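The structure appears right after this line, and notes come after that.
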Amino acid sequence: MSKVQTPRPIRGTQDIFGADAEAFAFVVETFERVRKLYRFRRVEMPVFEKTEVFARSLGETTDVVSKEMYSFDDRGGESLTLRPEFTAGIARAYLTEGWQQYAPLKVATHGPLFRYERPQKGRYRQFHQIDAEIIGAAEPQADVELLCMADQLLKELGVDDGVTLQLNTLGDADSRDSWRAALLAYFQAVRGELSEDSQERLERNPLRILDSKDPRDQAFVADAPKIDEFLTAEAEDFFGAVTAGLDAAGVKWQRLDKLVRGLDYYRHTAFEFVPDEGSVAANALGSQSTILGGGRYDGLMESLGGAPTPAVGWAAGIERLAMLVGEREPERLDVAIAVEADELVAAAARIAPELRLSGFSVEVVVTGSGRKRYDKAAKLDPAYLVSLQVRDGLAGYSARSQIDDNRETQIEAIIGKHVRL
RNA sequence: GCGAUCGUAGCUCAGUUGGUUAGAGCGCCGGUUUGUGGUACCGGAGGUCGCGGGUUCAACCCCCGUCGAUCGCCCCA
C-alpha cells in the first residue's frame, strides 16, 4: 500500500493568497480604472498562438524566442506557443479580426504570460502583466498619452516615489541600422577585451552590450557611438516632440541613451520605469528592476504580413507592481454572527442573506462550543459582533458595535425581525 | 545553461563538541460543569528531521549523491 504522493506545483508558478492576492487585485483594479480614463478598450486575448506569431515578430535570435518559449505540438502536429508577451498576439488580432477599421485603436488587457526561465525574486515562469497598446497612430502624441497613462497608474498605485521614467529613442529603421553597424565596428575592434557574455552579444545582439553590468565592458560603453549621431532629421523631430509633450504634461523623465530593449521590433521611443538605485523600491524588487517597459514598434505588422502600421505600447509586471504596493489587507468585516445555540441556526440562515442583500459583509460561526463560537467570531474582527442565544427559552441576541449609528440601526432592524434584543 | 545559500510539525522557527523518548509559538481538535465574555486558561492530536548512500558504538548534526526551494548571473515584466 503505497501512499499517494501529492503532486508538486510546477517550478516558477505561484499560488497567490492573502495579502499578496489583495495587492495583485489592487494593481489590476487600479489599472482598469485608469485605462477607462484614457478610453482604452478592453480586449481578451488567447493564451496561446501559433508559434510563428511570436517567432516572426519578436526576432528569431532574441532570448525569448530562442530559449524561453513554452512551445508544443498539438494533436494536428501544429506548433503552438503559450504567449510570452501580449503585443504580438494583439498585432495578429489587429490583422486577422479586421480591427484596422477602428484605427487608431487603443486597447488594454491583462493576464498570464509564460517564459521558460530560472525563477527568482520578481521573476516567474507563469507571470502576469497589464498591457496597453495604441495601434495605427504615427504621431508622437500617442507616445505621450501612453506614457502619461503609465505615469498616472504608478501614482495611483502609490509606487511612483523613487521610480524614474528612463527614455530613449532608437530612431527609425535607417537610424537604427547605421547605429548598429557603428556599434558593431566599435566593439569588434576591442573584442578581446570584452566580457565573455559581451563577445557572445556581439554575434547576436550588439546593442545589448550597452547595458552590460560587467565592469570590463563599461569602460568601452562610455565611449561607444551614440544613437544621437545617427538620428535622421525626422527621427530627431519625433523624439523632440515626445519629450516636449511629456514636459507639457508634467511627466518627469530621464534620458538614457544606452537604453535598448530586448525585442527586435522596437523603433523610435523606448522606455522603462525603473526604481532609483538604493531606493526602497529597488530593494523590494531584488535584481529585477524594470517594472514597466515598452516603446514604439512600427515594423511589427509587416513581420506578420500586414501593411506597415505605426504602433506603440507598454506592459508592466503585476507581481513586481504588487511587491511595491506592499501589504494590503481585505476590507474589515461588517458583521460576524456567533450562533451560540443550535436552535438558532435557522434564524442566522435568514439574517445573514438579508444583511448581505443590504450590502453588509457577513460571516456566520456555527461550529464548536458556544464559547468557542464567540471567540471565533471575535477573531474575525468585525465592526459589528452579534451573539445569538436562547435565554429563558426565548431567542435573543446581544451585540458589540463599532459601526456608525446609522448602519447599526439598519443591522439591528434586520436581526430584530428574527430574534429579540 | 552557470553560481551561491538553504531543506526539522499544516505555518514561522529553536535544537548544545555527534549522546536517552526532537521542542516552542501560531493554527487545528477537546475541555474550562449556560458564560453578556475574551480576543483568556488547561489539555490533546500532529514529525520515517526532503530522499538515498557513507563515516561512527551512536547522525537532525559530519561526508558524498540526488530532488526541491530561495537568491544571483544571463535575459526580462
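First the proteins, then the strands, lettered A, B, ... as listed; each starts at 1. Values in this document were obtained by computation on a predicted structure and should not be read as measured data.
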Nucleotide nearest [X] when distance is taken to its side chain, options [options]:
| X | options | value |
| --- | --- | --- |
| A:Lys376 | B:U39, B:C29, B:C74 | B:C29 |
| A:Ala378 | B:A77, B:C73, B:U39 | B:U39 |
| A:Arg208 | B:C75, B:C76, B:G38 | B:C76 |
| A:Asp375 | B:C75, B:U39, B:G68 | B:U39 |
| A:Arg123 | B:A77, B:A69, B:G72 | B:A77 |
| A:Gln120 | B:A77, B:C74, B:G38 | B:C74 |
| A:Arg371 | B:C74, B:U32, B:G72 | B:U32 |
| A:Glu340 | B:C73, B:G37, B:A40 | B:G37 |
| A:Ser398 | B:G68, B:A77, B:U36 | B:U36 |
| A:Thr290 | B:A77, B:C73, B:U39 | B:A77 |

Rounded distance in Å - [atom1] ([X]) to [atom2] ([N]):
| X | N | atom1 | atom2 | answer |
| --- | --- | --- | --- | --- |
| A:Lys121 | B:A4 | NZ | C1' | 16 Å |
| A:Tyr266 | B:A77 | OH | C1' | 10 Å |
| A:Ile130 | B:A77 | CD1 | P | 13 Å |
| A:Arg320 | B:C76 | CZ | P | 11 Å |
| A:Glu68 | B:C74 | CD | C1' | 9 Å |
| A:Met323 | B:U70 | CE | P | 12 Å |
| A:Glu117 | B:C2 | CD | C1' | 15 Å |
| A:Glu200 | B:C73 | CD | C1' | 14 Å |

Exercise. Within 45 degrees of the axis of the six-membered ring of A:Phe230 and under 6.0 Å from its centre: does A:Arg176 put its NZ or CZ there?
Worked result: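 No - A:Arg176 does not lie over the ring of A:Phe230 by the 6.0 Å and 45° rule.
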Could you tell me whether [X] contacts a base, only the sugar-phosphate backbone, or nothing, with contacts defined as non-hydrogen atoms closer than 4.0 Å?
| X | answer |
| --- | --- |
| A:Lys379 | base |
| A:Gly122 | base |
| A:Gln389 | base |
| A:Arg373 | nothing |
| A:Ser387 | base |

Looking at [X], I'd like to know whether one of its side-chain N or O atoms comes within less than 4.0 Å of OP1 or OP2 on [N].
| X | N | value |
| --- | --- | --- |
| A:Ser289 | B:C76 | no |
| A:Arg8 | B:A69 | no |
| A:Arg11 | B:A69 | yes |
| A:Arg118 | B:C76 | no |

Tell me the partner of [N], counting only Watson-Crick (N1-N3 plus N6-O4 or O6-N4) or G-U wobble (N1-O2 and O6-N3) with both under 3.5 Å; none if nothing fits.
| N | answer |
| --- | --- |
| B:U36 | none |
| B:U70 | B:A4 |
| B:C60 | none |
| B:C51 | B:G65 |
| B:A9 | none |
| B:G46 | none |

For this session: Assign each of A:Ile10 and A:Gly317 to its nearest nucleotide of RNA chain B by heavy atoms, then name whichever residue's nucleotide is nearer the 5' end.
Result: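 So the residue in question is A:Ile10.
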Exercise. Given that A:Glu319 and A:Tyr116 both sit by RNA chain B, which one's nearest nucleotide is further toward the 5' end?
Worked result: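 Final value for this comparison: A:Tyr116.
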Atom [atom1] of [X]: over 12 foreign heavy atoms under 6.0 Å:
| X | atom1 | result |
| --- | --- | --- |
| A:Asp161 | CG | no |
| A:Arg216 | CZ | yes |
| A:Tyr102 | OH | no |

Using the [atom1] atom in both, what is the distance from [N] to [M], to the nearest Å?
| N | M | atom1 | value |
| --- | --- | --- | --- |
| B:C6 | B:G65 | P | 15 Å |
| B:A14 | B:C67 | P | 27 Å |
| B:C73 | B:G54 | C1' | 34 Å |
| B:G15 | B:A9 | C1' | 14 Å |
| B:G7 | B:U12 | P | 13 Å |
| B:G23 | B:C64 | C1' | 30 Å |
| B:U33 | B:G19 | C1' | 48 Å |
| B:U8 | B:A45 | P | 23 Å |

Polar atoms only, N or O, under 3.5 Å: list the protein pairs with nucleotides 42-46 of chain B and their distances.
none

For this session: For residues A:Val339 and A:Ala348, report the shortest heavy-atom separation together with the two atoms involved.
Result: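 For A:Val339 versus A:Ala348, the nearest heavy atoms are CG2-CB, 3.6 Å.
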For this session: Indicate the atoms forming the closest heavy-atom contact of A:Ser71 with A:Ser79, along with that distance.
Result: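 So the minimum-distance heavy-atom pair works out to CB-OG, 4.5 Å.
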Exercise. Syn or anti for B:G38, taking syn as within 90° of 0?
Worked result: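 Syn.
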Any side-chain donor paired with an acceptor under 3.5 Å for [X] and [Y]?
| X | Y | result |
| --- | --- | --- |
| A:Thr30 | A:Glu156 | no |
| A:Asp276 | A:Thr164 | yes |
| A:Tyr38 | A:Gln152 | yes |
| A:Ser401 | A:Glu408 | yes |

Problem set entry | For A:His110, the option from A:Glu32, A:Glu44, A:His128, A:Arg42 that meets side-chain hydrogen bond (donor to acceptor under 3.5 Å, both in side chains) |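 Passing option: A:Arg42.
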Problem set entry | ring centroid sep under 5.5 Å plus plane angle under 30, A:Tyr374 with B:G38 |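 Here A:Tyr374 fails the 5.5 Å or the 30° condition.
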For this session: Measure up the A:Phe48 and A:Phe72 rings against each other and bin them: parallel (under 30°), tilted (30 to 60°), perpendicular (over 60°).
Result: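 Correct class here is parallel.
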